Amino acid sequence: MKKLRISSSLNLHTAAKEDPVQYIRAGLLFHREAGFDAADCGINLFDLDSDAWHSQVEQVLASTSEIGVPIELCHLPFIDGGGEKDAAYMERFNARMHRAIDVATALGVKYAVMHPNAATMPLKRFDRTAQYDRVMSHLAPFAEHAAQTGLNVVVENMRVFPGAMLSHRYCQDPDELCDIADALGIGVCWDFGHANISGIKQSEGLAYVGKRLKVLHVNDNGGIDDEHIPPFTGNVDWRDAMHGLAEVGFDGLLNYELATNRLPASLRREFAAYIRRAADELISYIE
């Protein structure tokens, strides 16, 4: 197994988002300085309500070429919390998703992550077949669009929300996740934090996913809320997790998805240095 390369979402710096092109450029420069090999970009940064994204993509591609840090992963828009929304919301969301697929294709990303539109439900009301049908009807048009443009999309494992006792969310379990991925003919994104909240042993979940695994969201938590904190600051069993990666022969990006909104600007370089060293520690568990 070759040594994994390292990437992160573009939120490690403090540039303002008012100008998304400059925000992304600042993120790429920060990534280069911190020693990351690639970047993960949220497609919501681009103008998904007009054709202005064409110019934005052109400028971003110029920055990636100049700076030497490619945007290899992206996160497509998702419905916060999942579940039923009104018709007007869904019409706008669907339009933005289709435009986001075009943006991601133009950016040349390797994999784009989708969320299944599934809500946390009480177990007594949970109907697996109905939830499968709901997720499939939601994602199938996007997967078809992506296939037509040549974009590789993947579906991410989910988790329940804090305080949701005796509840379930479709695609929190590996078998549900893989049923959707197989039906759509796409790969899987494994979020370690989501799996931890769902009580899934990382190596066993990864073994079930197997070669479907294409993208990682590396983050930690205390097993209750989706905190998006760095490795070794929560209770994820990282040795077991890395053993799972080794067993399935994963050779993609060790990709961070961390919360940084409360991190002072003065500490961000040190924070980046920590997660870079943490990545090396994680990789050492594989070798």
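Fair warning: this is a prediction, and the values are worked out from it, not measured in the lab.
Comment: Arg212 engages Asp182 in a salt bridge, judged by a side-chain N to carboxylate O separation of less than 4.0 angstrom. Salt-bridge check for Arg99 with Asp51: passed, with a basic side-chain N closer than 4.0 Å to an acidic carboxylate O. By the 4.0 Å N-to-carboxylate-O rule, Asp80 lies too far from Lys85 to be salt-bridged with it. Comment: Glu84 engages Arg134 in a salt bridge, judged by a side-chain N to carboxylate O separation of less than 4.0 angstrom. Using a 4.0 Å cut-off between charged nitrogen and carboxylate oxygen, Asp49 and Arg92 count as a salt-bridge pair.
Between the side chain of Asn221 and the backbone N or O of Glu227, no donor-acceptor pair lies under 3.5 Å. With hydrogens and angles ignored, the 3.5 Å screen pairs a side-chain donor or acceptor of Tyr256 with a backbone N or O of Ala279. The backbone N or O of Leu258 lies less than 3.5 Å from a partner atom in the side chain of Asn11, making a donor-acceptor pair. Asn196 places no side-chain N or O within 3.5 Å of a backbone atom of Phe192 that could act as its donor or acceptor partner. When atom types are taken as modelled, the side chain of Asp225 and the backbone of Pro162 share no donor-acceptor pair closer than 3.5 angstrom. A donor-acceptor pair under 3.5 Å is formed between the side chain of Arg32 and the backbone N or O of Ile67. A donor-acceptor pair is defined here as one N or O able to donate and one able to accept, closer than 3.5 Å; such a pair exists between the side chain of Ser50 and the backbone of Ala52. Of the possible donor and acceptor atoms, none in the side chain of Lys110 sits under 3.5 Å from a partner among the backbone N and O of Asn152. At least one donor-acceptor pair closer than 3.5 Å links the side chain of Thr149 to the backbone N or O of Ala146. Counting only distance, with no hydrogens or angles, the side chain of Glu281 and the backbone of Arg277 share no donor-acceptor pair below 3.5 Å.
Nearest heavy-atom pair, Val153 versus Ile186, reported as atom, atom and distance to 0.1 Å: O-CB, 3.2 Å. Across all their heavy atoms, Gly27 and Leu10 have their closest contact at C-CD2, 3.6 Å. Residues Ala246 and Ile286 come closest through the heavy atom pair CB-CG2, 3.9 Å. Across Asn117 and Gly83, no two heavy atoms sit closer than the pair OD1-N, 2.9 Å. Closest approach of Ser63 to Arg25, counting heavy atoms only: OG-NH1, 3.2 Å. The two residues Pro116 and Met158 make their nearest non-hydrogen contact at CG-CG, 3.6 Å.
Ring geometry for Phe93 versus Phe142: interplanar angle over 60°, hence perpendicular rather than tilted (30 to 60°). Ring orientation note: the planes of His31 and Phe36 are tilted relative to one another, at an angle of 30° to 60°.
The closest side-chain donor-acceptor pair between Trp190 and Glu156, if any, does not fall under 3.5 angstrom. No hydrogens or angles considered: a donor-acceptor pair under 3.5 Å links the side chains of Arg96 and Asn44. With 3.5 Å as the limit, one finds no donor-acceptor pair spanning the side chains of Asn157 and Asp191. Side-chain N/O atoms of Asp226 and His194 include a donor and acceptor closer than 3.5 Å. Between Asp220 and Thr233, the side chains place no donor N or O within less than 3.5 Å of an acceptor N or O (distance only, hydrogens not considered). If you check the side chains of Asp240 and Ser203, you find a donor sitting under 3.5 Å from an acceptor. A side-chain donor from one of Ser55 and Gln59 sits under 3.5 Å from a side-chain acceptor of the other.
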### Task
Could you check Leu4 against Leu253 for side-chain contact (heavy atoms from CB on, under 4.5 Å), going step by step and ending with a plain yes or no?
CA-CA 6 Å; Leu4 301 185; Leu253 287 163; over 6 Å; no
### Task
Evaluate the criterion side-chain contact (heavy atoms from CB on, under 4.5 Å) for residue pair Leu12 and Leu263; output intermediate values, then yes/no.
CA-CA 9 Å; Leu12 300 179; Leu263 188 65; over 6 Å; no
### Query
Could you walk me through whether Ser7 and Asp40 pass the side-chain hydrogen bond (donor to acceptor under 3.5 Å, both in side chains) check?
CA-CA 7 Å; Ser7 64; Asp40 178 344; over 6 Å; no
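Two residues are said to be in side-chain contact when any heavy atoms from C-beta on lie closer than 4.5 Å; Glu257 and His228 meet this criterion.
Of the candidates Asp175, Asp173, Asp133, Arg128 forms a salt bridge (charged side-chain N to carboxylate O under 4.0 Å, His left out) with just one, namely Asp175. In summary, of the residues considered (Leu177, Asp179, Asp127, Thr120), a side-chain contact (heavy atoms from CB on, under 4.5 Å) with Tyr170 occurs for Asp179 alone.
Between Tyr23 and His13, the ring centre distance stays below 6.0 Å.
If you chain together hydrophobic residues whose side chains sit under 4.5 Å apart, Val113 and Leu48 never meet in one group.
Applying the ring pair (Phe, Tyr, Trp, His ring centres under 6.0 Å) rule to Phe78 yields the partners His75, His115; only residues at least two apart in sequence or on another chain are considered.
Under a cut-off of 6.0 angstrom, the local environment of CG in Leu267 is crowded, with over 12 non-hydrogen atoms contributed by other residues, nucleotides or ligands.
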